[in-house]
**Q** 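Below you'll find the structure I mean.
Residues: numbered from 1 along the sequence shown. Computed from a predicted structure; not experimentally measured. Just so it is clear, the values below take in all heavy atoms, side chains as well, and ignore hydrogens, waters and symmetry mates.
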Amino acid sequence: MADEKLVNPKIIELEGKAHLGYLAEVRLEDCDRPEGWKRIVAVLKDGSVESTNCMEPDAAKRNYMVMVLYTRKWGSLINQGEEE
């Protein structure tokens, strides 16, 4: 259990993909934990699905909101030059 509480490097990869506009959808899912831990699930524009490990609810919500903002607007603005 102690290992599962370590920072998950996958979240950094997903945030990078969100920044570049590669995510089509992001959502939070419950984990099988009594503490209410959550994971972030992302659907990429190519249809593949990636998810983080389970994390504390507050951390999951903060990271989720950042990814949502990049997925909805900021990522496409940053990546706009590549699409032309």
Side-chain angles (χ1 to χ4, degrees):
M1 174 106 166
D3 290 281
E4 293 178 15
K5 288 190 176 188
L6 295 175
V7 174
N8 181 5
K10 184 78 149 192
I11 193 124
I12 295 168
E13 295 171 18
L14 284 180
E15 283 185 6
K17 290 175 182 180
H19 292 152
L20 294 171
Y22 296 161
L23 302 186
E25 175 189 336
V26 155
R27 65 181 180 268
L28 279 177
E29 288 186 356
D30 291 329
C31 293
D32 297 330
R33 297 182 173 275
E35 301 93 2
W37 282 31
K38 307 239 181 241
R39 76 172 49 89
I40 299 171
V41 178
V43 179
L44 280 67
K45 289 185 176 177
D46 69 3
S48 60
V49 178
E50 297 184 15
S51 65
T52 65
N53 288 335
C54 296
M55 63 185 91
E56 294 171 321
D58 289 341
K61 289 174 189 174
R62 282 190 304 271
N63 286 290
Y64 166 76
M65 288 308 301
V66 169
M67 286 190 213
V68 165
L69 290 170
Y70 276 104
T71 300
R72 288 185 183 164
K73 184 170 184 178
W74 298 343
S76 61
L77 293 173
I78 291 170
N79 202 16
Q80 193 172 32
E82 290 184 22
E83 294 176 1
E84 294 176 356

**Q** Is the closest basic N to carboxylate O distance between E56 and K38 below 4.0 Å?
**A**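 Salt bridge absent between E56 and K38.
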
**Q** Kindly write out the residues that satisfy side-chain contact (heavy atoms from CB on, under 4.5 Å) with V68, not counting sequence neighbours, or none if the list is empty.
**A**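 For V68 the side-chain contact (heavy atoms from CB on, under 4.5 Å) partners, ignoring immediate neighbours, are V26, Y64, R72.
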
**Q** Answer whether the closest heavy-atom distance between the side chains of E15 and N63 falls below 4.5 Å.
**A**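 Contact flag for E15/N63 side chains = yes.
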
**Q** State yes or no: do L28 and I12 share one hydrophobic cluster built from I, L, V, M, F, W and Y residues joined by side-chain heavy-atom distances below 4.5 Å, directly or via other members?
**A**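 Looking at the clustering, I12 is in the same group as L28.
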
**Q** Show your working on side chain to side chain contact (heavy atoms under 4.5 Å, CB included) between H19 and Y70 and close with a plain yes or no.
**A** CA-CA 6 Å; H19 292 152; Y70 276 104; 2.9 Å; yes

**Q** Roughly how far, to the nearest 0.5 Å, is CZ of R39 from OG of S51?
**A**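 Result: 5.5 Å between the selected atoms.
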
**Q** With sequence neighbours left out, write down each residue that passes side-chain contact (heavy atoms from CB on, under 4.5 Å) with V43, or none if nothing qualifies.
**A**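 Scan of V43 (side-chain contact (heavy atoms from CB on, under 4.5 Å), adjacent residues dropped) gives E25, R27, V49.
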
**Q** Going by side chain to side chain donor-acceptor pair (under 3.5 Å), name the residues that satisfy it together with D46, two or more places apart in sequence or in a different chain.
**A**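 Only S48 meet the side chain to side chain donor-acceptor pair (under 3.5 Å) criterion with D46.
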
**Q** Following the transitive rule for hydrophobic clusters with a side-chain heavy-atom cut-off under 4.5 Å over Ile, Leu, Val, Met, Phe, Trp and Tyr, establish whether V41 and M65 coincide in one cluster.
**A**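 No.
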
**Q** If I take atom CD from residue E50 and atom CG from residue L23, how far apart are they, to the nearest 0.5 angstrom?
**A**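 Answer for the CD-CG pair, E50 versus L23, is 8.0 Å.
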
**Q** Report whether L44 and M67 are members of the same hydrophobic cluster (ILVMFWY, side-chain heavy atoms less than 4.5 Å apart, transitive linking).
**A**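 Yes.
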
**Q** How close do P57 and W37 get, heavy atom to heavy atom, and via which atoms?
**A**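 Result for this residue pair: CD-CD1, 3.9 Å.
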
**Q** OG1 of T52 to CD of E13: how many Å apart, nearest 0.5 Å?
**A**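 Separation between the atoms: 11.5 Å.
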
**Q** With sequence neighbours excluded, what pairs up with R62 under the salt bridge (charged side-chain N to carboxylate O under 4.0 Å, His left out) test?
**A**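 Partners of R62 under the salt bridge (charged side-chain N to carboxylate O under 4.0 Å, His left out) test: none.
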
**Q** First locate atom CD1 of I11, then atom CD1 of I40, and finally report the distance between them rounded to the nearest 0.5 Å.
**A**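 One gets 3.5 Å once the value is rounded to the nearest 0.5 Å.
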
**Q** Does A18 offer a backbone N or O that forms a donor-acceptor pair with the side chain of T71 under 3.5 Å?
**A**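 Not at all, since once roles are kept as given, no pair shorter than 3.5 Å links the two residues.
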
